[in-house]
There are 2 protein chains.
Amino acid sequence: MPSPTDGPADERADRPLPGRKREARANDTAVLAAAREVFATQGHGASMADVARHAGVGVGSVYRRYPTKDALVEALRVHGVREAARLAAEVADEVERTPREGADGGVGTFLARQITGATGPLLRPTGATGPLPADLAAATDDLRAGLERLVAHDRAAGVLPAGFTTADVMQLLLHLRPSLPFPRAEADALHLRYLGLVLSGLRARSGDGEPLGDGPRWDEWVGAWHD
Amino acid sequence: MPSPTDGPADERADRPLPGRKREARANDTAVLAAAREVFATQGHGASMADVARHAGVGVGSVYRRYPTKDALVEALRVHGVREAARLAAEVADEVERTPREGADGGVGTFLARQITGATGPLLRPTGATGPLPADLAAATDDLRAGLERLVAHDRAAGVLPAGFTTADVMQLLLHLRPSLPFPRAEADALHLRYLGLVLSGLRARSGDGEPLGDGPRWDEWVGAWHD
DNA sequence: GGTGAATCGGAACGGGCATTCCGTTCCGAT
DNA sequence: ATCGGAACGGAATGCCCGTTCCGATTCACC
C-alpha cells in the first residue's frame with residue numbers, strides 16, 4: 001500500500017515510523033555499526049555472516065539493504081568520509097574563531113582527533129573500483145573544503161611550510177594510522193607520538209629555510225584511488 | 001642459504017648440484033621470489049596458484065617446499081628481517097666509520113634505504129601466531145643489534161632525542177610505508193617526503209628543549225606480534 | 001639402453017564464504 | 001478475525017582457494 005506517487009525513495013525519516021519499518025531502519029543502523037566494528041577488528045576478510053551475527057539479524061536482512069559486500073564497505077567509507085568532513089569543518093570553526101587555539105594548529109588538531117576518534121580509520125577502496133560514486137564524491141568535496149580552511153589557517157599562522165597540501169593531510173592520515181597489535185589506548189598513544197614528531201617537523205620546516213617540495217594535488221590523490 | 005625451513009640433513013650445497021636437484025633448488029628460489037612479488041602486489045589474499053604460476057611451477061612443487069601457505073609467508077618474513085638486519089649493520093658500519101656521513105643520521109639513512117629497497121615491506125604476522133620461531137627470533141635479534149648501533153650513534157651525534165628507541169624505528173617502518181595507489185616511484189617519493197618530515201621533527205626535538213616521552217621497548221614490540 | 005627413485009604439474013577434494021532463495025512471522029488494513 | 005505483503009532468518013547454492021594425491025617425467029647409476 002505504498003502511496004500512489006511514491007518514488008524510489010522515502011525521505012521523511014523524522015516522524016515516528018510505523019512499527020515494521022521502524023525495525024527495518026533500526027536494523028539498518030545496527031548493521032552499519034556492526035560492520036564498522038567487525039571490519040575494524042577482523043579486517044577486510046570478516047564474513048558477512050559475522051556482520052549479521054554482530055548486528056543480531058540474519059544474513060538475508062543484511063543483503064536486503066546492501067546488495068553486496070562491497071556495497072556495504074562502500075557505505076562505511078562514505079560514512080567515514082562524511083564524519084571526517086564534519087570534523088574538519090568543526091576544527092576549522094574553532095581555530096578561525098580563536099586564533100590561539102593551540103600550538104598544534106588546525107591540521108594537527110584535526111589529525112589528532114581523527115586518529116583517536118571513534119569512527120575508526122578511513123577505509124580504503126576495495127580494489128579496482130570504477131569511477132567514484134556520487135555520494136562519495138560529494139562527501140569528498142566537503143572534506144576537501146574543510147581541509148582547505150585548515151591548511152590556509154595554519155599556513156597563515158606560520159606552522160605549515162609552503163608546499164604542504166590538503167592531499168598531504170590525507171596521506172598523513174594513512175601514514176599515521178597503521179593497525180598496530182596493541183590495545184586501542186596504547187596504539188593511539190603511539191600514533192599520537194608520531195603525529196607529534198611530524199608536527200614538530202612541519203613547524204621546523206615552516207620556521208627555518210629548508211623548503212618542503214610541493215605535495216600531491218588533491219585531484220591526483222582522489223583520482224589515484226578510483227579507476 | 002637455500003634451506004627454507006629445515007630438512008633432512010643434505011646440506012652439501014656448494015658443489016655443482018646434480019641436474020635434478022639443481023632444478024629443485026632453482027624452483028625454490030623462484031618460488032620465494034614469485035611469492036614476494038605476488039604478495040607485495042596483491043596482498044595477503046593472493047592465491048597459492050598465483051604464486052605457483054608466477055614461479056612457473058605447479059602448486060605441488062610449491063607445497064613440497066612449504067607445507068602451508070603460512071609457512072611460505074613465514075619464510076618471506078624471515079628473509080625480510082634478515083635483509084633489514086643486514087642493511088642496519090651496513091649503515092651502522094658506514095656512519096661509525098665516517099662520522100659526518102650525512103645530515104640524516106644512521107637511522108634516517110636506514111629508513112630511507114629500507115623504504116626504497118627492493119625487498120619490500122616487512123610483512124606482518126598472519127594473525128594469532130604462536131611463540132616466535134627460532135629462525136625469526138635469531139634474525140630479529142640481529143636486527144635489534146644493528147638498530148641499537150644506529151640509535152646510539154645518532155643520539156651521540158645529537159640528531160635523536162632521548163627517549164627514542166629501537167622499537168621506534170620499527171614502528172616508523174610500519175608508519176612510513178602504507179601501500180599507496182601510485183606507481184612504485186611516486187609512492188616511494190611520498191614515503192620519503194614523510195620520512196623527511198619525521199626526521200626534521202626528530203632533529204628539532206633533539207635540539208630544543210621539548211622532550212619526547214619514552215618510546216616502546218623492544219621486547220614489548222616483539223612480544224606484541226606473537227602470542 | 002634399462003631401472004628405480006625423486007621431482008613435477010595439475011586434477012580432485014573439502015571447507016568457507018558471498019550470494020540467493022524461500023518458508024515463516026509480523027503489522028496494518030479491511 | 002482475516003488477509004496481503006513486507007521484512008525476517010537461515011538453509012541451499014555455487015565458486016574460490018588451500019591442500020592432498022597421483023600418474024607422468026627426468027635423471028643418476030648401472
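Sequence lines set the chain letters: A, B, ... in the order given, protein chains first and strands last, and positions in each chain run from 1.
Salt bridge A/Arg193/B/Asp168: present, at least one basic N to carboxylate O contact under 4.0 Å. Under the 4.0 Å criterion applied to side-chain N and carboxylate O atoms, B/Asp50 and B/Arg53 are assigned as salt-bridge partners.
At C/dG9, one or more side-chain N or O atoms of B/Ser61 fall inside 4.0 Å of OP1 or OP2 (strictly under the cut-off).
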Close N or O pairs between protein and nucleotides 15-19 of chain D (under 3.5 Å):
{"from": "D/dG18", "atom 1": "OP1", "to": "B/Ala46", "atom 2": "O", "distance (Å)": "3.3"}
{"from": "D/dG18", "atom 1": "OP1", "to": "B/Lys69", "atom 2": "NZ", "distance (Å)": "2.5"}
{"from": "D/dG18", "atom 1": "OP2", "to": "B/Met48", "atom 2": "N", "distance (Å)": "2.7"}
{"from": "D/dT19", "atom 1": "OP1", "to": "B/Thr68", "atom 2": "OG1", "distance (Å)": "2.7"}
{"from": "D/dT19", "atom 1": "OP2", "to": "B/Tyr63", "atom 2": "OH", "distance (Å)": "2.9"}
{"from": "D/dT19", "atom 1": "OP2", "to": "B/Lys69", "atom 2": "N", "distance (Å)": "2.7"}

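Rounded to an integer number of Å, the gap from A/Arg64 CZ to C/dC21 P is 14 Å. One atom, CZ of A/Arg53, and another, C1' of C/dC17, lie 12 Å apart when rounded to the nearest Å. The separation between A/Arg65 atom CZ and D/dC8 atom P is 11 Å, rounded to whole Å. D/dA7 atom P lies 14 Å from atom OH of A/Tyr66, rounded to whole Å.
With rounding to the nearest 0.5 Å, the separation of CG in A/Leu192 from CD1 in A/Ile115 is 6.0 Å. Atom-to-atom distance recorded for A/Leu150:CG and A/Thr109:OG1 is 8.5 Å, nearest 0.5 angstrom.
Between the A/Thr165 side chain and the A/Pro216 main chain, a donor and an acceptor come within less than 3.5 Å of each other. Listed for the A/His175 side chain is a donor-acceptor partner under 3.5 Å among the backbone atoms of A/Gln171.
Using cut-offs of 30° and 60° for the angle between ring planes, the B/Trp218 and B/Trp221 rings count as tilted.
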Watson-Crick and G-U pairing of DNA chain C, under 3.5 Å, as dot-bracket with | and [ ]: ||||||||||||||||||||||||||||||

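The side-chain hydrogen bond (donor to acceptor under 3.5 Å, both in side chains) search around B/Arg149 returns B/Asp93, B/Glu96, not counting sequence neighbours.
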